[in-house]
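Ligands are counted one by one from 1 in listed order, and the atoms in each one are counted from 1 as well.
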Amino acid sequence: MTTSAPRTVLQVSPLLPSLTEALAAHHHTVVLAEQPDPAAYLAQHGDEVVAAVTTARVGVDHALMDALPRLGAIVHFGVGYDTTDVVRARARGIDVSNTPDVLTDCVADLAVGATIDVMRGLSSADRFLRRGDWTHGPFPLTSKVSGKRIGILGLGRIGQAVARRLTGFDVELSYHSRRPVPELPYRHVDSAVTLAEQSDVLIVTASGGAGTKGLVSSEVIAALGPTGYLVNVARGSVVDEPALVDALVSGRLAGAALDVFVDEPNVPAELTSLDTVVLLPHIASGTVETREAMGALAFRNLDRFMTDGTLLTPVPRD
Ligand SMILES: O=CC(=O)O
């Protein structure tokens, strides 16, 4: 490799058009999917790639990491990075960034909206009206939101933003988190099961990855019980999805609002016929404003890395 070899930025997945344009305009960027033979491209030019830009959903897998011997940075569009093995990347000296903060408001807004939707039956009532069922009688009564016991699983930035919003609903707020946050006025509970036992609604805002896989276990779901609701805006992997489906189908859980699933975009078929479930296609950060802000932050991370070898918002070291 000579010093004049290109320093290529590899676009690993489809991205927001404005981010794709900015990458192409400011850096020598190769879009992997546009290569006639991506494997042949990697074999011939993999050693020219110094940075990879990807999404939270796609990440950079082991095979791709191995094909890029000079890779120095993996830039994620999205706050999650569970699709990339960060420990392995770091062992190779590869830095990893995500797009925190800019999406916190929208994800928290959606978590609160989904909570109201599933408890008050908004989506279900909309379907009821469109079907013409109102002409036959009133919509069934639903469950009050204000004043309920709400448990937040994972009190990071997004969990805290959800909690702040919910204080306006006079709810009783508790949480379980890897790191308790004693300076906040919410009650910390020492396990997910206890939190579920003491909550009417469990809102999942924990990060994804190996550390939280299956944290919402069948035991947690049973602890929420037949009058309990689950809201998940985190990752499908945090929940034992088959156990959740069983509990919803059999009425052992009152309802769920889910923005994330284990095998997106595939959703367990049993859920689509249940009126007690709100199903969303992973849209928590999906507003024009927030996606543009995420694109701008991802670009700034990449640009900074290409300029001085550092990242603006590297993922936490833990
Ligand atoms: O799920 C979306 C994200 O990680 O930003």
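- Of the polar atoms of Gly80, at least one N or O is found under 3.5 Å from an N or O of ligand 1, judged by distance alone.
- Note: no N/O pair closer than 3.5 Å links Ser285 and ligand 1 by distance alone.
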So His282 and Phe261, ring pair (Phe, Tyr, Trp, His ring centres under 6.0 Å) or not? Walk me through it. CA-CA 8 Å; His282 204 144; Phe261 302 88; 8.7 Å; no
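- The local environment of CZ in Arg165 is crowded, with over 12 non-hydrogen atoms from other residues, nucleotides or ligands closer than 6.0 Å.
- When each atom of ligand 1 is checked for a heavy atom of Leu103 under 4.0 Å away, the hits are 5 (O).
- At a heavy-atom distance under 4.0 Å, no atom of Asn98 approaches ligand 1.
- For the residue pair Ser123/Asp117, the side-chain donor-acceptor check at 3.5 Å is satisfied.
- Nearest protein heavy-atom contact of atom 2 (C) of ligand 1 is His282 NE2, 3.4 Å.
- Closest protein heavy atom to atom 5 (O) of ligand 1: Val79 N, 2.8 Å.
- Contact atoms of ligand 1 toward Arg235: 1 (O), 2 (C), 3 (C), 4 (O) (distance under 4.0 Å to a heavy atom of the residue).
- Here the rule is side-chain contact (heavy atoms from CB on, under 4.5 Å) with Ile74, and of Thr54, Asn98, Val315 only Thr54 fits it.
- Atom CD1 of Ile150 sits about 10.0 Å away from atom CG of Leu202, to the nearest 0.5 Å.
- Near Ala56, meaning under 4.0 Å from any of its heavy atoms, are these atoms of ligand 1: 3 (C), 4 (O).
- The minimum heavy-atom distance linking Ser237 with Val262 is given by the pair N-CG2, 4.3 Å.
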